[in-house]
Amino acid sequence: MADEVTIIGTPASPFVRKVLALLDLKNVSYKIDPVIAFYTDEDFLKVNPLRRIPVLLHDGNTIIDSSVVAAYIEEAFPTPSMFPSAPGDRATARWLEEFSDTRMADIFLWKCFGSVVLKPGLWNEKRDVKAYREALAGPVVEIMNYLETIAPDDGFLFGDIGLGDISIAVIFWNMQVARWKPDPEQWPKAAAWIARTEAHPALARSTEWATALIKTPVPEQRDLAAEIGVPVTDETYLRAMEPTRGPMSLF
Ligand SMILES: N[C@@H](CCC(=O)N[C@@H](CS)C(=O)NCC(=O)O)C(=O)O
C-alpha cells in the first residue's frame, strides 16, 4: 500500500482509540492529528460533513466513522484479522461494535461523561449531576448486567483480542475520567474482561496518551502529544480557540 495512514482525532475519543488499537494490532504505522472535533472549523467540515472524529486518510481515501474505518482497516490490512472465523462469532463481534457505538455511547459518553466532564470542560456549563446519577442508577446498570452475560471467563471473546473486545472496552476510560468504574463485586466477569482488554498494549498505549492530553489546555495538546511520543502529523485541522457544536453534536 502506498501512503501512510493518517488518523484525524484525539486519542481522548474512544472511537479514535478503537481504530488506533486495530492499527497497532496489525502493525500498521500511522500519524495522528490529535484534534478535538469541536475545535475544528469549516475546513474539517469539508473532510467530514458531520465534523466528527475519527477520520482515516489513506491512499487517496477519506474514511469516516469508526465502524467504517475499522472495516476499512480490516480489508486494507487483513492480517492478523480482528475477527473470529465462524460467521456467528463474526456477527457477534459486529453486534458488540454496534452496541458500543450506539447504546453505550449514548449512556456512557453523552449522558455520563457529557454531563460531568464535557459540559463544564467544553461549554463552561454546570455539571449535570442529576442526569449523571440517573444514568448510573438505571441504564448503566442494565448495560453492565448485559455485559456480564457475554463476558468471557478468561481471555477474550474469541481467542485473541479482537474488534468485539476493543469496541466495548474503549468506552471505560471515559467513564473513569467521569469518576466511575465497574464494580468487580457486582459484575465480576465483565469488570475483569474490561480490565484485561484495557491492559492490552494495543489499548494501553493510546489510553496513556489520552490521560496526558485530557489534563492539558487544548492549544498545548498538539505539542504535548509530540513530546510524549504520539506520531503527530505535520498539518492540523485545529483552527478554533473556542469550541463550537457540529451538525450532529449530541450535548
Ligand atoms: N459513530 C461515530 C461517532 C463519532 C463521534 O461521536 N465522535 C465524537 C468524539 S468521541 C465527535 O467527534 N463529536 C463531535 C460532535 O459530535 O460534534 C463513530 O463511530 O465514529
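Fair warning: this is a prediction, and the values are worked out from it, not measured in the lab. Just so you know, residue 1 is the first one in the sequence shown, and it goes up from there. In each ligand, atom 1 is the first atom listed, and ligand 1 is the first ligand listed.
Using a 4.5 Å cut-off on side-chain heavy atoms (C-beta onward), R17 and W209 make no contact.
Counted by atom type alone, T197 and D165 present zero donor-acceptor pairs between their side chains at under 3.5 Å.
By the neighbour-count criterion of 12 heavy atoms within 6.0 Å, atom CD of E208 is sparsely surrounded, having that number or fewer from other residues, nucleotides or ligands.
Those atoms of ligand 1 with a heavy atom of S13 less than 4.0 angstrom away are 9 (C), 10 (S). Close contacts between ligand 1 and P54 involve ligand atoms 20 (O) [criterion: under 4.0 Å to a heavy atom]. The D65 neighbourhood of ligand 1 comprises atoms 1 (N), 2 (C), 18 (C), 19 (O), 20 (O), with distances under 4.0 Å to a heavy atom of that residue. Close approach to A37 involves these atoms of ligand 1, each under 4.0 Å from a residue heavy atom: 12 (O), 14 (C).
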Apply salt bridge (Lys or Arg N to Asp or Glu O under 4.0 Å) to residues E42 and K46 and explain how you reach the verdict.
CA-CA 6 Å; E42 13 346 294; K46 287 181 208 143; over 6 Å; no
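Nearest heavy atoms, I73 versus V19: CD1-O, 3.9 Å. Here the shortest heavy-atom pairing between G246 and R51 reads CA-NH1, 3.8 Å.
F158 does not carry R90 over the face of its six-membered ring by the limits of under 6.0 Å from the centre and within 45° of the normal.
Looking at atom 16 (O) of ligand 1, its nearest protein heavy atom turns out to be R52 NE, 3.3 Å. If you check which protein heavy atom lies closest to atom 19 (O) of ligand 1, you get S66 OG, 2.5 Å. Of the protein's non-hydrogen atoms, the one nearest atom 7 (N) of ligand 1 is I53 O, 2.9 Å.
Here S249 has heavy atoms under 4.0 Å from ligand 1 in both its backbone and its side chain. Residue contacts with ligand 1, taken as heavy atom pairs separated by less than 4.0 Å, involve W110 solely via side-chain atoms from C-beta onward.
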